[in-house]
There are 4 protein chains.
Amino acid sequence: MATASTRAARVDRRAQILRAAKQAFSQKGFHSASVSDIIERAGIARGTFYLYFESKRDVFDKLLEELLAELRACIRPIDLAPGSPQPVEQLKGNIMRVQELVLREPELFQLLLHQARGLDAQSAALVHAFYQRVLDLIERSLEHGMRIGLIRPCNPAIISSCILGTVKEVAGWLIAQGQPPPDREALVDEILNFGLRGLLAR
Amino acid sequence: MATASTRAARVDRRAQILRAAKQAFSQKGFHSASVSDIIERAGIARGTFYLYFESKRDVFDKLLEELLAELRACIRPIDLAPGSPQPVEQLKGNIMRVQELVLREPELFQLLLHQARGLDAQSAALVHAFYQRVLDLIERSLEHGMRIGLIRPCNPAIISSCILGTVKEVAGWLIAQGQPPPDREALVDEILNFGLRGLLAR
Amino acid sequence: MATASTRAARVDRRAQILRAAKQAFSQKGFHSASVSDIIERAGIARGTFYLYFESKRDVFDKLLEELLAELRACIRPIDLAPGSPQPVEQLKGNIMRVQELVLREPELFQLLLHQARGLDAQSAALVHAFYQRVLDLIERSLEHGMRIGLIRPCNPAIISSCILGTVKEVAGWLIAQGQPPPDREALVDEILNFGLRGLLAR
Amino acid sequence: MATASTRAARVDRRAQILRAAKQAFSQKGFHSASVSDIIERAGIARGTFYLYFESKRDVFDKLLEELLAELRACIRPIDLAPGSPQPVEQLKGNIMRVQELVLREPELFQLLLHQARGLDAQSAALVHAFYQRVLDLIERSLEHGMRIGLIRPCNPAIISSCILGTVKEVAGWLIAQGQPPPDREALVDEILNFGLRGLLAR
DNA sequence: CATGAATGAGGATTCATTCAT
DNA sequence: TATGAATGAATCCTCATTCAT
């Protein structure tokens, strides 16, 4: 069936271009990476690029949206229904999943952390909206935690910022390391302990 | 004294251009802001710009370096000598000073947080080096704190990342608010409490 | 007969593409109309287009040549042999036939009047040659008319231009109307009267 | 005065570019003439072109508008007030002035006659509006002439088209000659006689 | 010092045409 | 024959930087 194989080929090409663009953007940044950089990496002709994407910006957006979608899938609201895992375990799961994604897609995270906000109003808004959703999620979890006495009284708006900042910075650190940490679980525990127990000795 | 007044004029012009560039860059981003944007804002001729700065990039670097220098001045190592203020007070002082700077120079922080890392290898390195110094400082403080039993045992490399992330994200949040918070001290206490005591209720 | 039906199919395809191109060119102009426009209208694949025509330019030329051929057929030299219709009637016949063609193929005339001359040297030459033939025909008729005393003495080169201009402009006007005139005969009479008797009251 | 000489230089540059564009467009047509063609002819850098015109299209429009403005100035309504020159003389004046312009600016007329209508909706509209104004002027003159018994009864809408077509075609013919006619007055008389008295011998 | 006209390298995008299937 | 994915030359336009005045 010509259609099936053709469709498969189309998907492959697209993926190939996305891969090349991911590399180019994360190495040179959106502006310095030219369409030539992308097509050379992908080994395709100039026109082919525009067969699959509307513009250089379009590829970038697609990469970003792809990552944000995967990120969303990593982050699950804490479920306090009886029979669910311990809240701390669920928290740990969220962070573990995000870090797995970070390690699987370091280039995309590079883009998210260092490029997307600086591009223009549109992508800034896209990213902002995403973080806002995450902040909301954290805030609501904190409020719920406070209500049931699990979390000490605090200002959820500020604290959710602290938590997001922590996760983002550790993500950046992980990428900078260039290699996965020897013990991911210990890493996540360290972060969790920081957030839950703080640093003071008792 | 012709020289003196001339020199003073030179300094003024320079400052005027830096001001204009600060606005232009923070509103449009480094790439979208053109030299035209800057000179129009500054009310000077195109050629004059290049009498004071080598390139568009140069102004950006100068702005960044200026901010980094001011930031450095805000952050003082914890002094545990007898007679010094309480370590927690010194910590608080650091954060307070950083936040004052954030509120005084929101545009520059915008650049630092959202533009500088994405520009190119050079500025990425500059910013990275700065953050690395801050991380080192925190790490050494943590190690010292652990040695004297003030801080519980932890992995200083990871935790310093967490702390830096927290401060950065709250800085971004402050800028996004668009206005200074009603009670800065409470804000800083909230952050400190998060870092020191964590979130769990006892 | 496979060959016959195949040949018939070929002819149909060709005509179908010509039709689509005619629409596309007259709506958007030669340059703005893309091969995509044509094949979409024709409902064929990109490659198929090039099975029937050598290039985008080729279709245009074929359309133009088709029109010029039909136009040529409309214009018949005035026959002064005894037994022929009145010269004025023959003149009228020429103009009537041209106008019928204009009304039948307004799109092609659009191309002839507004596109063909502006394309490049080649089509300019093609069109120029056609008009030159028409001018020659008119000139010879005028000269003959003068010889037999039907036409007053005049400069045939200039007057033939005037006549051609009249016919062209009225053709353009007809197309712009968007609909056939209520009384074609009156229209042609008006033109003929203009050319034969002029505008002055006696 | 720097300003004065600067302004003069600006005007010169602009004129220089307009000249180069006029040549390029009339030789190759709007589409085939590239900005490179224009700047090479003008002996300027690419960027300089865009210092004086917004786009390639912009220069074309400016050329066209310039010509239309000059054309408008050539065409003056017939003034029937007592003491004015004879109507026929005024008519003759109009045609003479138009032809002088044609001979002075053959390239611009080339653009008007063969390029402008085929470019796009915008310039088509510009040109159409101009011709419409001319047609209106002729129509009103005809109606007036009929009222005062100078012109025989006719359909002004059609006849004004005939007249416009005559003038346009003769203009095109003049340009094609490549050189001014030996006796311009005789040429104009020929045209006028055609329009006023027609071709029939008495 | 100041000016701003001129420069030209660089980059994104289009689209007629080809060719393997 | 028919298809449509791939090609890459061609083109317009931007903008950081220079330099003669």
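The chains referred to below are lettered A, B, ... by the order of the sequence lines, with proteins before strands, and numbering in each begins at 1. All values derive from a computational prediction rather than experimental measurement.
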Novice: Measure the distance from CD1 on C/Ile44 to C1' on E/dT17 and round it to the nearest whole Å.
Specialist: 14 Å

Novice: In Watson-Crick or G-U wobble terms, both distances under 3.5 Å, what is the partner of F/dT7?
Specialist: E/dA16

Novice: With a cut-off of under 6.0 Å to the ring centre and 45° to the axis, is C/Lys22 in cation-pi contact with C/Phe60?
Specialist: no

Novice: Which whole-number value in Å describes the distance from D/Asp37 CG to F/dC12 C1'?
Specialist: 13 Å

Novice: Base, sugar-phosphate alone, or nothing: which one does A/Phe53 contact when heavy atoms must sit under 4.0 Å apart?
Specialist: nothing

Novice: I need the NZ-P distance between B/Lys56 and F/dT18, as an integer number of Å.
Specialist: 15 Å

Novice: May I have the distance from A/Glu54 (atom CD) to E/dC15 (atom P), rounded to whole angstrom?
Specialist: 14 Å

Novice: Does any non-hydrogen side-chain atom of C/Leu64 lie less than 4.5 Å from one of C/Gln115?
Specialist: no

Novice: Mapping B/Gly47 and C/Gly47 to their closest nucleotides on DNA chain E, which lands nearer the 5' end?
Specialist: B/Gly47

Novice: Counting the atoms with a prime plus P, OP1 and OP2 as sugar-phosphate, which does A/Thr48 contact under 4.0 Å by heavy atoms, base, sugar-phosphate, or nothing?
Specialist: base

Novice: Can a donor-acceptor pair be found between the side chains of A/Gln16 and A/Arg19 at a distance below 3.5 Å?
Specialist: no

Novice: Short of 4.0 Å, heavy atom to strand atom, which residues of residues 21-28 of chain C count as contacting DNA chain F?
Specialist: none

Novice: Heavy atoms from C-beta onward define the side chain here; which of F/dA5, F/dT18, E/dT17 lies closest to that of A/Leu51?
Specialist: F/dA5

Novice: Where each residue is assigned the nucleotide of DNA chain F containing its nearest heavy atom, which of D/Phe30 and B/Ser32 is assigned the position nearer the 5′ end?
Specialist: D/Phe30

Novice: Does the side chain of C/Lys28 come within less than 4.5 Å of C/Ser34's, by heavy atoms?
Specialist: no

Novice: If you define the side chain from C-beta out and look only at heavy atoms, does anything of B/Leu119 sit under 4.5 Å from B/His31?
Specialist: yes

Novice: Quick one: C/Ile39 CD1 to E/dT18 P, roughly how many Å, whole number?
Specialist: 15 Å

Novice: For the pair made of CD in C/Glu40 and P in F/dG4, what is the distance, rounded to whole Å?
Specialist: 12 Å

Novice: How many whole angstroms separate atom CZ of C/Phe49 from atom P of E/dA16?
Specialist: 9 Å

Novice: Is there a donor-acceptor pair under 3.5 Å between the side chain of B/Asp58 and the backbone N or O of B/Asp61?
Specialist: no

Novice: Any idea which of E/dG11, F/dT18, F/dC13 is nearest the A/Ser34 side chain?
Specialist: E/dG11

Novice: Determine the contact category for B/Arg13: base if any of its heavy atoms lies under 4.0 Å from a base atom, sugar-phosphate if only primed atoms, P, OP1 or OP2 are that close, otherwise nothing.
Specialist: sugar-phosphate

Novice: Measuring from the side chain of A/Tyr50 (C-beta onward, heavy atoms only), which nucleotide among F/dT14, F/dT7, E/dA12 has the closest atom?
Specialist: E/dA12

Novice: Let's see if you can work this out: which of F/dT1, E/dA2, F/dT7 has an atom nearest to the side-chain heavy atoms of B/Tyr52?
Specialist: E/dA2

Novice: Among F/dA6, F/dA10, F/dC12, which nucleotide sits nearest the side chain of D/Arg46?
Specialist: F/dC12

Novice: Do A/Arg117 and A/Ser123 have side-chain N/O donor and acceptor atoms under 3.5 Å apart?
Specialist: no

Novice: Map A/Ser55 and B/Ala45 onto DNA chain E by nearest heavy atom, then report which one ends up closer to the 5' terminus.
Specialist: B/Ala45

Novice: Tell me the interatomic distance from B/Ile17, atom CD1, to F/dA16, atom C1', rounded to whole angstroms.
Specialist: 15 Å

